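Just so it is clear, the structure is predicted and the values come from calculations on it, not from any experiment.
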Amino acid sequence: MKYLDEYRDPVLARRLLSELESTATRPWTLMEVCGGQTHTIVRQGIDELLPHGIRMIHGPGCPVCVTPLEMVDKAIAIASRDGVIFCSYGDMLRVPGSGGDLLGVKARGGDVRVVYTPLDAVSLAVANPDRQVVFFAVGFETTAPANAMAVKQAASLGLDNFSVLVSHVLVPPAITAILDAPDNEVTAFLAAGHVCAVMGWTQYEPIAAAYRVPIVVTGFEPLDLIEGIVMAVRQLETGRAEVENQYVRAVRRTGNSRARDTIDEVFTLTDRTWRGIGEIAHSGLRLSEAYRHHDAETRFPVEREATRESEVCIAGEILRGTRLPTDCLAYGTACTPRHPLGAPMVSAEGTCAAFHTAGRGRQATLEEQ
């Protein structure tokens, strides 16, 4: 299979791993930020093939996982209203809120629908002028351009029955928050190639310089990630801290200017709470004043209630990269993809789901043996 097998070549993979073995002289801890990269690393067992001392930490790169609990509760409240068609991507329907999920709303008769693009939600608004259509706009810089286009499309059509519940988050402020954490152990980052395809990597250059941390833009295939790890360790071993691009076939330094312009027109920066991490300043997007009339939070005010996370789930620590899914007492028993307690087990990009799909088992503690 041309253009795919080339990035899964076992001979080349062994050659890169051999180079890594000879390059690394000290322990290093690297974090991949993207959930898609986490799945490749875990599924292919890349983290288990690395030389002793080279450790991968799985970062908060799953858009479903980091959507804050209060926003999920708000989505459930809006979706439960009469006259509302609530639209979302499939994973979000199963994310547990404080007292249920969107699938539960649908089971009770709510009009909750899965869409494949935000423009599908705009089409629903056109077809149902007597109903209010709300789209749950979550994700990183990768989904923001399409969501912004949907808002622009609705505005150009004069749709007063279309709004978005915005919960967008941005990667660079999250990296900074991880580096500022007192228990941070990360010495280098693998930046997500699809985020950089939109935004470029100029935002990462001040971070690399200020924190003296290498950042390597990588793709999603096994060889992309192994080569990215090698590039990061080369920097660490030689005392460099730069932004390098492994994903040259898809990413340019300044990204996609048209997509960035669309984001800048429709959204503006805001503080945002990340599930399991807390509030990070200027880490999210909200609608700009020109498009605020499409804001579902304004159109459907919801009284804020106390949120309740599972008492046994350690999703927050997993999202911060301080614990592994297999450290959780509920992993694989009370918490499975069929019956998830936390968002990382729900999403296809979640770290817990990646471990479970790959068959990683939890080691029994001394107390359990």
Side-chain angles (χ1 to χ4, degrees), residues 30-44 46-47 56-72 75 88-97 101-102 114 136-144 146-147 166-175 177-178 186 189-196 198-199 218-220 225 272-278 280 283-285 309-310 313-328 330-331 335-337 340-358 360:
L30 284 66
M31 172 180 279
E32 85 280 358
V33 181
C34 171
Q37 293 179 332
T38 299
H39 268 258
T40 300
I41 289 170
V42 175
R43 186 175 64 249
Q44 302 291 340
I46 293 172
D47 52 336
M56 297 302 301
I57 290 181
H58 315 295
C62 164
V64 171
C65 304
V66 299
T67 300
L69 188 58
E70 54 264 36
M71 197 59 82
V72 176
S88 176
Y89 300 128
D91 280 358
M92 286 306 304
L93 269 60
R94 300 177 60 237
V95 175
D101 55 31
L102 287 166
V114 174
F136 201 1
V138 304
F140 292 88
E141 293 92 330
T142 48
T143 54
N147 293 340
V166 182
S167 188
H168 274 300
V169 287
L170 304 171
V171 173
I175 289 180
I178 290 167
V186 179
F189 287 90
L190 302 184
H194 53 358
V195 170
C196 295
V198 175
M199 304 301 289
T218 50
F220 304 87
L225 292 159
R272 183 67 73 188
T273 298
W274 295 54
R275 192 168 191 172
I277 297 176
I280 304 176
S283 68
L285 299 174
E309 290 279 12
S310 165
C313 176
I314 63 168
E317 294 167 87
I318 293 166
L319 288 168
R320 291 194 298 275
T322 58
R323 303 281 294 277
L324 289 173
T326 46
D327 295 332
C328 180
Y331 171 81
C335 182
T336 66
L341 293 181
M345 188 62 93
V346 174
S347 169
E349 294 190 18
T351 303
C352 296
F355 270 62
H356 196 274
T357 301
R360 300 280 177 94

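With hydrogens and angles disregarded, a donor-acceptor distance shorter than 3.5 Å links the side chain of Gln37 to the backbone of Gly219. At distances below 3.5 Å, not a single donor-acceptor pair connects side-chain atoms of Thr326 with backbone N or O atoms of Tyr331. Looking only at distances, no side-chain donor or acceptor of His168 sits under 3.5 Å from a matching main-chain atom of Gly284.
The two residues Pro96 and Leu69 come nearest to each other via the heavy atoms O-CD1, 3.6 Å. Smallest separation of non-hydrogen atoms from Ala191 and Cys196: CB-SG, 4.2 Å. The two atoms that bring Pro60 and Trp274 nearest to each other are O-CZ3, 3.9 Å, heavy atoms only. When all heavy atoms of Cys65 and Pro344 are compared, the closest pair comes out as SG-CA, 3.4 Å. Heavy-atom minimum distance, Leu102 versus Ala75: CD2-O, 3.9 Å.
Listed by chain and number, the residues in a salt bridge (Lys or Arg N to Asp or Glu O under 4.0 Å) with Arg94 amount to none (sequence neighbours excluded). Residues that satisfy the ring pair (Phe, Tyr, Trp, His ring centres under 6.0 Å) test with Phe189, not counting sequence neighbours, are absent from this structure. With sequence neighbours excluded, no residue satisfies salt bridge (Lys or Arg N to Asp or Glu O under 4.0 Å) with Asp101. A search for ring pair (Phe, Tyr, Trp, His ring centres under 6.0 Å) contacts involving His194 returns Phe220, not counting sequence neighbours. For Ala354, the side-chain contact (heavy atoms from CB on, under 4.5 Å) partners at least two apart in sequence or on another chain are Thr38, His39, Val42. Scored by the salt bridge (Lys or Arg N to Asp or Glu O under 4.0 Å) test, Arg272 finds no partners at all (sequence neighbours excluded).
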Thr336 and His356: side-chain contact (heavy atoms from CB on, under 4.5 Å), yes or no, with the steps? CA-CA 8 Å; Thr336 66; His356 196 274; 4.3 Å; yes
Go through the steps for Thr351 and Cys62 under the test side-chain contact (heavy atoms from CB on, under 4.5 Å), then give the verdict. CA-CA 8 Å; Thr351 303; Cys62 164; over 6 Å; no
Evaluation steps, side-chain contact (heavy atoms from CB on, under 4.5 Å), between Arg360 and Asp47: CA-CA 12 Å; Arg360 300 280 177 94; Asp47 52 336; 2.9 Å; yes
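Here Leu319 contributes atom CG and Cys352 contributes atom SG; the two are 8.0 Å apart, rounded to the nearest 0.5 Å. With rounding to the nearest 0.5 Å, the separation of CG in Leu190 from CD1 in Ile41 is 6.0 Å. Atom CD1 of Ile318 sits about 8.0 Å away from atom CE of Met345, to the nearest 0.5 Å. Note: Ile178 CD1 to Ile280 CD1 = 7.5 Å, rounded to the nearest 0.5 Å.
Taking 4.5 Å as the limit, every side-chain heavy atom of Thr143 sits out of range of all side-chain heavy atoms of Pro63. Between Ile46 and Glu32, the closest side-chain pair of non-hydrogen atoms is not below 4.5 Å. With a 4.5 Å cut-off on side-chain heavy atoms, Phe140 and Val169 count as touching. At least one side-chain heavy atom of Leu170 sits under 4.5 Å from a side-chain heavy atom of Glu141. The shortest side-chain heavy-atom distance between Thr218 and Cys34 does not fall under the 4.5 Å cut-off. Contact annotation: the side chain of Ile314 approaches that of Asp327 to within less than 4.5 Å [non-hydrogen atoms, C-beta and beyond]. When side chains are defined from C-beta on, Phe136 counts as touching Val138, because their heavy atoms get closer than 4.5 Å. Within the 4.5 Å cutoff, the side chain of Val95 has heavy atoms near those of the Arg275 side chain.
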